[in-house]
Amino acid sequence: RFAKGFNTIQEINFRESGIETIQYGNDSVAEYLDLTPFSLSYIDFYHCSSLKRIKGLNVVSSSSPQMFNGCTSLERIDGYMKIKGSMNWTFTGCSKLSVFPTMDLSEVTWCHHTFEGCSKMTYNQMMTFLDSVPNCTGFNGTFWNCSGISYSGWKKALFDKMSKATELN
C-alpha cells in the first residue's frame, strides 16, 4: 500500500509473487494493478500468475527480458513500454493476454520466444509487432504456440518485416 503522491519509484520487482493489486492511500482495492503514478526504468513480474490486468504502465527504458514470463492469468496491459536490447521470453506463457501495451521496440535486437504460448495473439498483432522491431536479428521461437495467429501459407510480407533476421525458427 502506497501513500498518495508516492510517485518516485523507478524499479518494481514482483518476481514470482502472488500480487493481484496495489492500493494507494485510502482508495478502494481495484481488480487490477494501477501503475499510473510511476515512470519506471525496470519491471519484473516473472511468474506472477495471479495478476490479471496492469493499468497505466509507463516503462521508459528497460532491458529486462522475461518481465511478464509466466503471468498465466494476465489478460491485458494498458500503457507504454520502451524496450532495448533483448526482449527474449518477455510474454512467454501469457496465454490469456489479448491486449498488449503500446511499445517502442526500435532498439530491440533479440526476440527469442517473446510471445511463445500467447494463444490470444492475433495475426494483426504479430504483424504490428514485426513492424516495430526493425533492428531485431533473432526470432527463434518468437511465436511458438500462438494458436490465435491464423493465416494460410507464408506471406512474403512476413519475411519482408524480418529483413535483418539472422536466426529464424
Side-chain angles (χ1 to χ4, degrees), residues 12-21 31-33 35 40 42-57 59 62-169:
I12 292 182
N13 186 342
F14 291 121
R15 192 172 185 88
E16 297 185 30
S17 79
I19 191 163
E20 293 179 25
T21 187
E31 295 179 1
Y32 53 82
L33 183 61
L35 299 175
L40 304 166
Y42 175 86
I43 57 170
D44 190 345
F45 290 97
Y46 181 85
H47 281 267
C48 290
S49 57
S50 298
L51 189 60
K52 290 185 179 182
R53 180 179 179 193
I54 298 174
K55 181 179 171 183
L57 180 67
V59 178
S62 182
S63 60
S64 55
Q66 301 188 25
M67 61 183 80
F68 299 104
N69 183 316
C71 293
T72 55
S73 297
L74 190 59
E75 298 171 0
R76 68 181 296 140
I77 304 171
D78 299 308
Y80 169 82
M81 291 173 34
K82 178 177 177 71
I83 301 175
K84 296 179 178 184
S86 174
M87 195 175 174
N88 296 350
W89 298 282
T90 299
F91 298 104
T92 300
C94 295
S95 59
K96 295 182 180 178
L97 187 61
S98 62
V99 178
F100 294 86
T102 301
M103 295 184 270
D104 177 349
L105 307 174
S106 59
E107 297 180 53
V108 168
T109 55
W110 292 95
C111 299
H112 297 310
H113 303 274
T114 301
F115 299 101
E116 181 179 345
C118 290
S119 56
K120 300 278 186 177
M121 180 176 238
T122 66
Y123 177 81
N124 287 339
Q125 287 172 319
M126 176 185 71
M127 295 303 276
T128 298
F129 167 76
L130 291 173
D131 279 337
S132 64
V133 288
N135 297 306
C136 190
T137 59
F139 292 94
N140 286 334
T142 304
F143 302 105
W144 281 357
N145 297 314
C146 292
S147 56
I149 298 173
S150 60
Y151 55 94
S152 60
W154 290 96
K155 298 181 180 178
K156 181 181 179 305
L158 180 64
F159 291 104
D160 288 346
K161 292 180 186 303
M162 295 183 282
S163 62
K164 291 190 179 182
T166 58
E167 296 181 40
L168 179 61
N169 183 345

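Values reported hereafter were calculated over all heavy atoms of this structure, with side chains retained and with hydrogens, waters and symmetry mates removed. Bear in mind that the values here come from a model prediction, so they are computed numbers and not experimental data.
Within the 3.5 Å criterion, the main-chain N or O of Ser119 finds no donor-acceptor partner in the side chain of Asn145. Ser73 places a side-chain N or O within donor-acceptor distance of the main-chain N or O of Ser49, the cut-off being under 3.5 Å. A donor-acceptor pair is defined here as one N or O able to donate and one able to accept, closer than 3.5 Å; no such pair exists between the side chain of Gln125 and the backbone of Ile149. In this structure, the side chain of Thr114 engages the main chain of Met87 through a donor-acceptor pair within 3.5 Å.
For the residue pair Thr122 / Asn124, no side-chain donor-acceptor distance below 3.5 Å is found, with atom types taken as modelled.
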Please step through side-chain contact (heavy atoms from CB on, under 4.5 Å) for the pair Met103 and Val108, ending with a clear verdict. CA-CA 11 Å; Met103 295 184 270; Val108 168; over 6 Å; no
Does the side-chain contact (heavy atoms from CB on, under 4.5 Å) test come out yes or no for Thr142 and Phe129, once each step is laid out? CA-CA 11 Å; Thr142 304; Phe129 167 76; 4.2 Å; yes
side-chain contact (heavy atoms from CB on, under 4.5 Å) between Cys118 and Cys146, intermediate numbers included: CA-CA 5 Å; Cys118 290; Cys146 292; 4.2 Å; yes
Decide side-chain contact (heavy atoms from CB on, under 4.5 Å) for His47 and Asn69; before the verdict, give the C-alpha distance in whole Å, the side-chain angles of both, and the deciding distance to 0.1 Å. CA-CA 6 Å; His47 281 267; Asn69 183 316; 3.7 Å; yes
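Between Arg53 and Glu75, the closest side-chain pair of non-hydrogen atoms is not below 4.5 Å. Between Phe139 and Cys111, some side-chain heavy-atom pair lies under the 4.5 Å cut-off.
Identified under the salt bridge (charged side-chain N to carboxylate O under 4.0 Å, His left out) test for residues 120-142, with sequence neighbours left out: Asp131-Lys161. For the side-chain hydrogen bond (donor to acceptor under 3.5 Å, both in side chains) condition, the pairs that include at least one residue of residues 85-97, sequence neighbours left out, are Ser86-Asn88.
Classification of the Phe91-Phe115 ring pair by plane angle, with boundaries at 30° and 60°, yields parallel. Phe45 and Phe68 have parallel rings, their planes meeting at less than 30° on a 0 to 90° scale where 60° marks the start of perpendicular.
Put simply, OH on Tyr80 and CG on Leu40 are 13.0 Å apart, with the number rounded to the nearest 0.5 Å. To the nearest 0.5 Å, the span separating CE on Met81 from OG1 on Thr102 amounts to 10.5 Å.
Closest of all the heavy-atom pairs between Asp104 and Lys82 is OD2-NZ, 3.1 Å. Of all non-hydrogen atoms in Asn135 and Ser106, the two that sit nearest each other are ND2-O, 2.7 Å.
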